[in-house]
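Scroll down for the structure; my scribbles are underneath it.
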Amino acid sequence: MKTMIDVSEALGIVFGHVRPLTTVEVPLADALHRTLAAPVCCDVDYPPFDRAVMDGYAVRASDTEDAPVRLRVVGHIAAGDATATAMNAGEAIQINTGAPMPRGADAVVRVEHTEVVGDGSCVLVRQGVEAGRFVTRRAAYVSAGNVVLVTGTRLTPVEIGTAAVAGAARVTVFRRPRVAVLCTGDELVEIDQRPAGAKIRNSNRYLLEALVFSAHAEPIVLGVAGDDRTLLRAKIEEGLRADLLCITGGISMGTHDLVPEVLEACGATLRFRKMAIKPGRPTIFANGPAGVPIFALPGNPGSAFVVFELLVRPAIAVLDGRPGVEATAIRATLGGRLRATSDRRTFVPARACVTKDGEWEVSPVEWGGSGDAFGLAGVNALVVQAPNQPDVADGRAVSMLLLDRV
Ligand code: AMP
Ligand code: MG
């Protein structure tokens, strides 16, 4: 096992030891944010008929060449009307958006370019149209049997709409990952209690549960294990029945930091124990006996948050059938200052916004360090600083990771 590794190397190890989950068929309405495990095909030509895309008159384009021209109105077709209607030269049919084109017509003159003549039996077409104008031909978008969404597609609202058009009432997706959350520490009390003496509130349980939700996975809250081997082992074993186990606290060098030895006692294989990053140096990644990925994050809320974003969120994506990729850093102008870095890659909680010029600007928040949960409010980015760098002045270009805040 490596000792101190950079975050890219750590992610590489994580991606090498996390596999996509099994797949399941679900109603389309339940598939938002899931990933397709089978392609979606359209079961019909689309559009299923030659379709008017404007309100106006279906005409033969050749009849309008010498516009203005008067045509005889021989009918009206609304959306949903049968497609059998036909018309001849010198005729027009009033038509609505979404209605099937009559046989014999090859274009639509928009209503704004027409004038009803007399009792409405004739229409004056003021402007000519070319053949095909304002008509979408049958199968112009897809033919029956075409794949419209490939395996691996993440279903956002747009793809849900696409699948609906294709008639995919049920879709095959990767199962929603179940992520167990376990907190350790004898100092923790519930959040509805006022911490007395040396106690503090168990805020990580809520932080992590919300982070898991935000990754569109299902949190399973295991509660607090305290700093007790027996209880910790029982909780870890329970957590290994989930698809991923996320532990906070108990992994540093203190006498009560029991997580590493209990993980090993549970038959887990530790892959790394330290990353050359700040915050988040003591981070464990392991696999349970059946391969379940385990992350043991530092207990400090700031560290737990940063490491979740750097490692756990991408691991959840892999469980969910998406490719394992490291987030791409974005260039931004620094609004504020950055202090010189140590020998570790440093991630500075920050607030990014788009300026009037349409460029990213990122400002580090006032933050007391990894134990300060208050300074994190409003953070939507992490400024990334390479190791051993000098101070950075206001207005300089920096790299940042934009965080997924939905
Ligand atoms: P540890 O990683 O267990 O050494 O904890 C590091 C720091 O994080 C200590 O000050 C802990 O009290 C604090 N801490 C640990 N677990 C939690 C938690 N669940 N919620 C809030 N703070 C925590
Ligand atoms: Mg602890």
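Only heavy atoms go into these numbers, but all of them, side chains included; no hydrogens, no water, no symmetry mates. Everything quoted here is computed from the prediction, not taken from an experiment.
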message: Applying side-chain contact (heavy atoms from CB on, under 4.5 Å) to Y141 and V165, what does each step give before you reach the verdict?
response: CA-CA 11 Å; Y141 303 144; V165 176; over 6 Å; no
Let me check something: any side-chain donor-acceptor pairs from residues 133-140 under 3.5 Å, sequence neighbours excluded? List them with distances.
unit_1, atom_1, unit_2, atom_2, d
R137, NH1, D50, OD2, 2.7
R138, NE, D45, OD2, 2.8
R138, NH2, D45, OD2, 3.1

For residues 21-28, tabulate all N or O donor-acceptor pairs below 3.5 Å that involve a side-chain atom, not counting sequence neighbours.
unit_1, atom_1, unit_2, atom_2, d
T22, OG1, R175, NE, 3.1
E25, OE1, R170, NE, 2.6

Sequence neighbours left out, cut at 3.5 Å: what donor-acceptor pairs do the side chains of residues 245-257 make with other protein atoms?
unit_1, atom_1, unit_2, atom_2, d
T248, OG1, N204, ND2, 3.3
D257, OD2, S252, N, 3.4
D257, OD2, M253, N, 3.4
D257, OD2, G254, N, 2.7

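A donor-acceptor contact shorter than 3.5 Å is absent between the side chain of D186 and the backbone of G226. Side chain of D106 to backbone of A61: a donor-acceptor contact under 3.5 angstrom is found. In this structure, N202 contributes its side chain and R205 its backbone to a donor-acceptor pair below 3.5 Å.
Contacts classified as salt bridge (Lys or Arg N to Asp or Glu O under 4.0 Å) and involving residues 356-376 (residues at least two apart or in different chains) are not found.
For the atom pair S121 OG and R72 CZ, the distance stands at 8.5 Å (nearest 0.5 Å).
Every side chain to side chain donor-acceptor pair (under 3.5 Å) that E261 has, sequence neighbours left out, goes to R229. Residues passing the side chain to side chain donor-acceptor pair (under 3.5 Å) test with R19: none are found, sequence neighbours excluded.
Look at E218 and R178 and you find no salt bridge, because none of the NZ, NE, NH1 or NH2 atoms lies under 4.0 Å from a carboxylate O.
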